[in-house]
Peer 1: 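My questions all concern the structure below.
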Amino acid sequence: MFKKNCRLYQLPFLIYVLCLTENFIIRTVLTVKEFDSFQNPVMDLLKVYFYGWYHDTLFFAYFLVPLLLYFLVLPNAALRSSYSKRFLHIATFVIIVIFAFQAHAEWFFWMEFNARFNFIAVDYLVYTQEVIGNIVESYPMYLVYTSILVSAYVIYRLFRSRINQSLEALPELSRRERSVGFAVLALAPFLSFTLAATTEKRISENRIVDELSRNGFYQFVSAFRKNELDYYSFYQTLDEREMIRVMKKEMASFNSHLADEMSPEPIRVIVNEGEEKKYNVVFITVESLSASFMGMFEPHYNATPYLDALANQSMFFTQMYATGLRTVRGLEAITLSIPPTPGYSIVKRPKNENLFSLGSIFKSKGYDTKFLYGGYGYFDNMNYFFEQNGFKAIDRTDFNNSEIEFANIWGICDENLLTRALKEADTSHARGQPFFEFVLTTSNHRPYTYPEGRIDIPSKTGRVGAVKYTDYAIGTFIEKARKKPWFDDTIFVVIADHCAGGRGQTNIPLQNYHIPAIIYAPKIIKPQVVSKIVSQIDIGPTLLGLMNFSYNSKFFGKDALKEPEEQGRLVLGTYQNLGYFRDGQLITLSPNQQVDFERVNVQDYSYKTEKTPPNPELLTEAISYYQYSNYLLKNNLYRILTPPGRS
């Protein structure tokens, strides 16, 4: 009976071999590309391929289930019929196409995100128009499709005789005999789910080794099943009373006091001396503007001549760090001033209405508050989030054709977007109402296309050209704004939402979070360089401090200009890993209660990293920041007292 069952399941075994072969090839290609990241090549290679085989086997379990059911359910006569054999040939070819598609897709995903499939891949499935459009505009897809089909066909032809042999060898088996074979092989998919938690564990201190050992499709399905991580289930925690005590101390500042010492809510009364300044604010959040693109940090790019000049006339933050690696994380950090939490950004989550936000504060002060975006604001739930948290949303659907000179799949070009921002500012000013405009650019995003003739780099030749075009668009906007009657009373903030990606061996590579931040108002703010460590969550409270606003606050961020140098700390995250940086030490909290301690040199921007002994006091701070933010959100304690209303 055993031999008969082996003959029955020859085809699944053959497909398993194909699965291992395809994944071996893509893993090897990526390993060659990243080989210089290995610190211990022999041991790292053993981990990559051994754990890679383990993850590939778990992945194959998804294909094994329908195959096993097919061989179990069909009667012998039907299974051995020409129709069944023809169907199995087609099914095998389709599976080979899927494997070929995986190999190609994983290459492009790795080039973009330096990782195997993860939450981002799942997230992008929701926005097929933008994502497919972005891919089509960025890559020669006819060549990619051809490569997928040709490689799949070649593999199929190579194995066609083996497929025929396996189908011709199908034995006569009773239902009982098949059930025994099914029960044995069904252990694979069962173990795939029961052992799934082990795939979350790290096998190496080198993030690249970890990623290479994983299976992209298995990661994809796992991320689809677990699109949020419950902090209390996966991370180290503290006693809630201790956590609240630590955070009330951490969130304290010299110009604030707690509204209620006994309340678990972090309500602080912020008092700034002097008259409140009803300055206008134009807040430009730039897509993927790494600090390394600016001349101060990497002169050889010459990609930001206008912003470099503007920085010398502004308050320029040289050690500003984003909280995450995606736009929604930047929007979350800036508007809500809250640390990143595991899973999706708050911007994309349900029940994100009436949160304590920068928009709600400006709206309560009588400001005309608007969110301007050149794409379609349903993407990443942005329109809904902003409209429910103190803003009127203006997106691509609100632009007339006459206002659009150039557009790609992500949105209208930055020039056109900023021109609309000027018009909206004029409208608010004409009504005698101060305005707060939150502008999100898109031109510095793949496929990196923009109007020709604006800069000396042709469109669609890479990110540096897109950065330079965005720089040009912002420069043009500022020069036009300079002629407006509201210019002297306006503060312009230019900050990145996140970096343009990059490499890093650690789970939280700080160089991938370093962003520029400029606050420009020639009649209001004296030029200066702020070199202290500042988090993206601090930019909102710092802006409010410059305007002498007094308000009740729940923000985790602080006014960076009024805090001592040694108070600087960073909160950083991916979808799963949470980082806390202070005094040169970086703590990373990971699922399964894992914790890493490292020392990172940020002062010379080398980001040299070395392991350090555990620091219990710093660990308590790190856990408190993330546990408290999750606690407040889970218990609906990060909301404003009265809804801001919809504009």
Peer 1: Does atom OH of Tyr51 have more than 12 heavy-atom neighbours from other groups under 6.0 Å away?
Peer 2: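 Check fails, neighbour count at 12 or below.
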
Peer 1: Taking NZ, NE, NH1 and NH2 as the nitrogens, is one of them in Asp538 or Lys532 under 4.0 Å from a carboxylate oxygen of the other?
Peer 2: no

Peer 1: Quick one: sort the Phe438 and Phe391 rings into parallel, tilted or perpendicular, breaks at 30° and 60°.
Peer 2: perpendicular

Peer 1: Does the side chain to side chain contact (heavy atoms under 4.5 Å, CB included) test come out yes or no for Phe597 and Val595, once each step is laid out?
Peer 2: CA-CA 7 Å; Phe597 296 84; Val595 178; 3.5 Å; yes

Peer 1: Can you tell which of Lys248, Arg639, Lys554 makes a salt bridge (charged side-chain N to carboxylate O under 4.0 Å, His left out) with Glu265?
Peer 2: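 Answer to the salt bridge (charged side-chain N to carboxylate O under 4.0 Å, His left out) test with Glu265 among Lys248, Arg639, Lys554: Lys554.
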
Peer 1: How many angstroms lie between NZ in Lys33 and CE in Met111, if you round to the nearest 0.5 Å?
Peer 2: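 Here the interatomic distance stands at 5.0 Å.
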
Peer 1: Salt bridge or not between Glu598 and Lys611? Use side-chain N to carboxylate O under 4.0 Å.
Peer 2: yes

Peer 1: Answer whether the closest heavy-atom distance between the side chains of Phe581 and Ile533 falls below 4.5 Å.
Peer 2: yes

Peer 1: Run the ring-centre check on Tyr218 versus Phe59 and record whether the distance is less than 6.0 Å.
Peer 2: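 No; Phe59 has its ring centre 6.0 Å or more from that of Tyr218.
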
Peer 1: Hey, are the side chains of Leu212 and Phe38 touching, using non-hydrogen atoms and a 4.5 Å cut-off?
Peer 2: yes

Peer 1: Rounded to the nearest 0.5 Å, how far does CG of Asn23 lie from CZ of Arg214?
Peer 2: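 Arg214 atom CZ to Asn23 atom CG measures 14.0 Å (nearest 0.5 Å).
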
Peer 1: If we count only N and O atoms by modelled type, under 3.5 Å, do the side chains of Tyr321 and Gln319 hold a donor and an acceptor together?
Peer 2: yes

Peer 1: Would you say the side chain of Leu572 lies within less than 4.5 Å of the side chain of Thr588, judging by non-hydrogen atoms?
Peer 2: no

Peer 1: Is there a side-chain contact between Glu353 and Tyr384 in this structure, where contact means two heavy atoms from C-beta onward sitting under 4.5 Å apart?
Peer 2: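 Side-chain contact under 4.5 Å: yes.
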
Peer 1: I would like to know whether Glu250 and Lys558 meet salt bridge (charged side-chain N to carboxylate O under 4.0 Å, His left out); could you show each step before the answer?
Peer 2: CA-CA 10 Å; Glu250 272 297 304; Lys558 298 182 181 182; 5.3 Å; no

Peer 1: Is there a side-chain contact between Leu510 and Leu570 in this structure, where contact means two heavy atoms from C-beta onward sitting under 4.5 Å apart?
Peer 2: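 Leu510 vs Leu570: side chains touch.
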
Peer 1: State whether the side chain of Ser606 and the backbone N or O of Val602 hold a donor-acceptor pair below 3.5 Å, judged by distance alone.
Peer 2: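 Checking the backbone N and O of Val602 against the side chain of Ser606, no donor-acceptor pair under 3.5 Å is found.
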
Peer 1: Do Leu633 and Ile338 have side chains that get closer than 4.5 Å, going by heavy atoms?
Peer 2: yes

Peer 1: Can you tell me if OH on Tyr232 sees more than 12 non-hydrogen neighbours from other groups inside 6.0 Å?
Peer 2: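 Enclosed: over 12 neighbouring heavy atoms sit under 6.0 Å from OH of Tyr232.
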
Peer 1: For Trp53 and Phe24, I'd like to know if the aromatic rings sit close, meaning centre-to-centre distance below 6.0 Å.
Peer 2: no

Peer 1: Are the side chain of Ser263 and the backbone of Asp260 linked by a donor-acceptor contact shorter than 3.5 Å?
Peer 2: no

Peer 1: Are Phe362 and Phe436 close enough that their ring centres sit under 6.0 Å apart?
Peer 2: yes

Peer 1: Would you please say whether a donor-acceptor pair under 3.5 Å links the side chains of Glu332 and Ser345?
Peer 2: yes

Peer 1: With a 3.5 Å distance limit and no angle check, can you tell me whether Asp583 reaches the backbone of Gln585 through a side-chain donor-acceptor pair?
Peer 2: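 Flag not set: sc Asp583 to bb Gln585 has no pair under 3.5 Å.
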
Peer 1: Please determine, by modelled atom types, if Thr31 and Thr28 share a side-chain donor-acceptor pair under 3.5 angstrom.
Peer 2: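 There is no such pair (donor and acceptor under 3.5 Å, judged by atom type) between the side chains of Thr31 and Thr28.
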
Peer 1: If you take the centroid of each ring, where Trp contributes its six-membered ring, are Tyr235 and Tyr626 closer together than 6.0 Å?
Peer 2: no

Peer 1: Mind checking the CD1-CG spacing from Ile537 to Leu336? Nearest 0.5 Å is all I need.
Peer 2: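 That separation rounds to 11.0 Å.
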
Peer 1: What do the steps show when you test Tyr551 against Arg268 for side chain to side chain contact (heavy atoms under 4.5 Å, CB included), and what is the final call?
Peer 2: CA-CA 8 Å; Tyr551 57 101; Arg268 290 165 294 127; over 6 Å; no

Peer 1: Can you run down the ring pair (Phe, Tyr, Trp, His ring centres under 6.0 Å) pairs that involve residues 598-621, sequence neighbours left out, and say none if there aren't any?
Peer 2: Phe297-Tyr605, His514-Tyr605

Peer 1: Is the distance from the ring center of Tyr631 to that of Tyr231 below 6.0 Å?
Peer 2: no

Peer 1: Just do the side chain to side chain donor-acceptor pair (under 3.5 Å) check on Glu34 and Trp110 with the steps written out, would you?
Peer 2: CA-CA 11 Å; Glu34 301 293 342; Trp110 187 280; 2.8 Å; yes

Peer 1: Carefully, step by step, assess Leu331 and Thr327 under the rule side chain to side chain contact (heavy atoms under 4.5 Å, CB included).
Peer 2: CA-CA 6 Å; Leu331 301 182; Thr327 296; 4.1 Å; yes

Peer 1: Flag the pair Lys608 / Arg599 as yes when at least one side-chain heavy-atom distance between them is below 4.5 Å, and no otherwise.
Peer 2: no

Peer 1: Answer yes or no: is there a donor N or O on one side and an acceptor on the other, between the side chain of Asn552 and the main chain of Val269, under 3.5 Å?
Peer 2: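 Judged by distance alone, no pair lies under 3.5 Å.
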
Peer 1: Do Leu619 and Leu589 make a side-chain contact, defined as non-hydrogen atoms from C-beta onward lying under 4.5 Å apart?
Peer 2: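 Yes, at least one pair of side-chain atoms sits under 4.5 Å.
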
Peer 1: Scan side-chain atoms only and decide if Asn255 and Asn272 contain a donor-acceptor pair under the 3.5 Å cut-off.
Peer 2: yes

Peer 1: Quick one: pull up OG in Ser213 and CD1 in Ile208 and give me the separation to the nearest 0.5 Å.
Peer 2: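 The distance works out to 11.0 Å.
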
Peer 1: Pairing donors with acceptors under 3.5 angstrom, does anything connect the side chains of Asp210 and Ser204?
Peer 2: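 Judged by distance alone, the side chains do not pair up.
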
Peer 1: I'd like to know if Asp380 pairs up with Arg326 as an ion pair, taking the criterion as any Lys NZ or Arg NE/NH1/NH2 lying under 4.0 Å from an Asp or Glu carboxylate oxygen.
Peer 2: yes

Peer 1: Apply ring-ring contact (aromatic ring centres under 6.0 Å, His included) to residues Phe386 and Phe371 and explain how you reach the verdict.
Peer 2: CA-CA 7 Å; Phe386 277 95; Phe371 166 66; 3.8 Å; yes

Peer 1: Please lay out, stage by stage, how Gln536 and Ile515 fare under the test side chain to side chain contact (heavy atoms under 4.5 Å, CB included).
Peer 2: CA-CA 9 Å; Gln536 200 175 32; Ile515 59 174; 3.8 Å; yes

Peer 1: Using distance alone, with no hydrogens and no angle criterion, decide if Asn215 and Arg116 have a side-chain donor and acceptor under 3.5 Å apart.
Peer 2: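 The answer is no; no qualifying pair exists.
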
Peer 1: Could you check whether Arg27 pairs with Asp56 (Lys NZ or Arg NE/NH1/NH2 to Asp/Glu carboxylate O, under 4.0 Å)?
Peer 2: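 Yes, Arg27 and Asp56 are salt-bridged.
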
Peer 1: Indicate whether the side chain of Thr285 and that of Asp497 have a donor and an acceptor atom separated by less than 3.5 Å.
Peer 2: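 No donor-acceptor contact under 3.5 Å links the two side chains.
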
